[in-house]
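See structure below.
Within every chain, numbering begins at 1; the chains are lettered A, B, ... in the order of the sequence lines, protein sequences first and strands thereafter. The model shown is predicted, which means the values in this text are computed figures rather than measured ones.
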Amino acid sequence: GAVVSQHPSRVICKSGTSVKIECRSLDFQATTMFWYRQFPKQSLMLMATSNEGSKATYEQGVEKDKFLINHASLTLSTLTVTSAHPEDSSFYICSADRGTTEAFFGQGTRLTVV
Amino acid sequence: GQNIDQPTEMTATEGAIVQINCTYQTSGFNGLFWYQQHAGEAPTFLSYNVLDGLEEKGRFSSFLSRSKGYSYLLLKELQMKDSASYLCAVRVPNDYKLSFGAGTTVTVRA
């Protein structure tokens with residue numbers, strides 16, 4: 001099946017710094033990728049839709065200047081958490097869609113801001 | 001917005017059967033998905049229903065009734081490794097994104 005690779009799997013950063021998370025589709029081209037955030041014991045909350053070659057579409061309540069998304073190629077989308085704070089600590093997951101019935105998820109990134 | 005409801009927790013015994021219900025109220029419908037998620041890991045795909053009826057895949061089956069806005073995931077011959085969170089998600093027309101329910105944590109006891 002299709003593989004989506006997300007990196008890093010875990011990251012600890014200091015408050016005020018920025019962190020970049022990469023999401024790659026390894027064996028298919030993904031014009032659309034999605035970024036989710038998941039707090040402990042809660043479900044996945046969609047943050048934004050990443051569109052190749054155009055601006056990302058953010059869900060209501062998600063700060064686009066804080067969560068920068070770049071989808072520069074058909075196989076790579078990046079999420080940058082800028083000026084991270086402890087409340088940004090969460091599990092971030094990307095998914096990619098190639099137009100079939102199934103969405104393929106990355107392995108997730110556990111972000112801890114100290 | 002989309003409204004997707006499922007129970008928070010369920011407990012069952014190893015070897016038994018558990019049924020996880022999901023009801024949805026969405027702006028259109030273009031498929032319902034079930035995912036399994038172990039703690040700290042990404043979700044893995046279990047099933048997809050777009051037409052009414054039962055889809056069987058090994059120990060897992062999923063049912064859909066579009067007129068009732070209702071689905072269930074049936075787990076048979078439960079194993080300890082089935083202890084996980086099960087997420088119900090709906091896709092609406094003309095949109096690839098998924099709306100997820102809060103998830104049901106299933107605990108399998110020996």
Side-chain angles (χ1 to χ4, degrees), chain A residues 1-10 21 23 25 28 30-52 56-62 71 77 89-112, chain B residues 1-10 20 22-24 26-27 29-51 55 57 60 62 64 71 83-107:
Chain A
V3 178
V4 174
S5 176
Q6 188 173 338
H7 178 81
S9 58
R10 290 178 179 272
I21 303 169
C23 181
S25 55
F28 67 100
T31 55
T32 304
M33 292 185 176
F34 302 94
W35 287 97
Y36 295 87
R37 180 168 52 183
Q38 186 177 36
F39 291 106
K41 298 188 178 181
Q42 295 187 23
S43 191
L44 281 72
M45 297 300 296
L46 180 66
M47 298 175 66
T49 302
S50 174
N51 306 298
E52 188 269 335
T57 305
Y58 289 82
E59 296 298 302
Q60 193 173 6
V62 178
H71 196 153
S77 175
S89 298
S90 187
F91 192 53
Y92 293 86
I93 309 175
C94 70
S95 75
D97 199 309
R98 60 178 185 181
T100 62
T101 57
E102 180 180 349
F104 299 94
F105 285 87
Q107 302 94 320
T109 298
R110 173 73 59 194
L111 170 63
T112 303
Chain B
Q2 321 301 350
N3 191 29
I4 300 167
D5 291 317
Q6 52 182 129
T8 305
E9 294 181 328
M10 301 184 75
I20 307 169
C22 172
T23 57
Y24 62 90
T26 56
S27 55
F29 178 83
N30 194 25
L32 187 142
F33 299 76
W34 284 97
Y35 283 85
Q36 180 192 62
Q37 186 181 26
H38 286 97
E41 299 180 10
T44 55
F45 172 79
L46 291 179
S47 69
Y48 168 74
N49 295 71
V50 69
L51 299 176
E55 295 281 342
K57 191 183 295 184
F60 297 161
S62 57
L64 175 67
S71 172
S83 292
S85 180
Y86 291 84
L87 307 173
C88 174
V90 174
R91 176 178 284 166
V92 297
N94 303 316
D95 198 343
Y96 284 122
K97 63 186 179 184
L98 296 177
S99 296
F100 282 86
T104 299
T105 299
V106 172
T107 302

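Looking only at side-chain heavy atoms (C-beta outward), L87(B) and S43(A) come within less than 4.5 Å of each other. Looking only at side-chain heavy atoms (C-beta outward), F45(B) and F104(A) stay at 4.5 Å or farther from each other. In this structure, E41(B) and I93(A) have side chains that are not in contact, with every pair of non-hydrogen atoms separated by 4.5 Å or more.
The side chain to side chain contact (heavy atoms under 4.5 Å, CB included) check on E52(A) picks up H71(A), L74(A), with sequence neighbours excluded. Listed by chain and residue number, R10(A), F91(A), T112(A) satisfy the side chain to side chain contact (heavy atoms under 4.5 Å, CB included) test with R110(A) (two or more places apart in sequence, or in another chain).
Residue-environment remark: CE (M45(A)) stays at or below the threshold of 12 foreign heavy atoms within 6.0 Å. Atom NE2 of H38(B) has more than 12 heavy atoms from other residues, nucleotides or ligands within 6.0 Å.
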Y36(A) and F100(B): CA distance, side-chain angles, deciding distance, side chain to side chain contact (heavy atoms under 4.5 Å, CB included) verdict
CA-CA 11 Å; Y36(A) 295 87; F100(B) 282 86; 3.7 Å; yes

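Nearest heavy-atom pair, A42(B) versus G106(A), reported as atom, atom and distance to 0.1 Å: CB-O, 2.6 Å.
One finds the OG atom of S99(B) at 11.5 Å from the CG atom of L44(A) (value rounded to the nearest 0.5 Å).
Across P43(B), G101(B), G103(B), the residue that shares the most heavy-atom pairs under 4.5 angstrom with chain A is P43(B).
Only the side chain of Q38(A) comes within less than 4.5 Å of a heavy atom in chain B; its backbone stays farther off.
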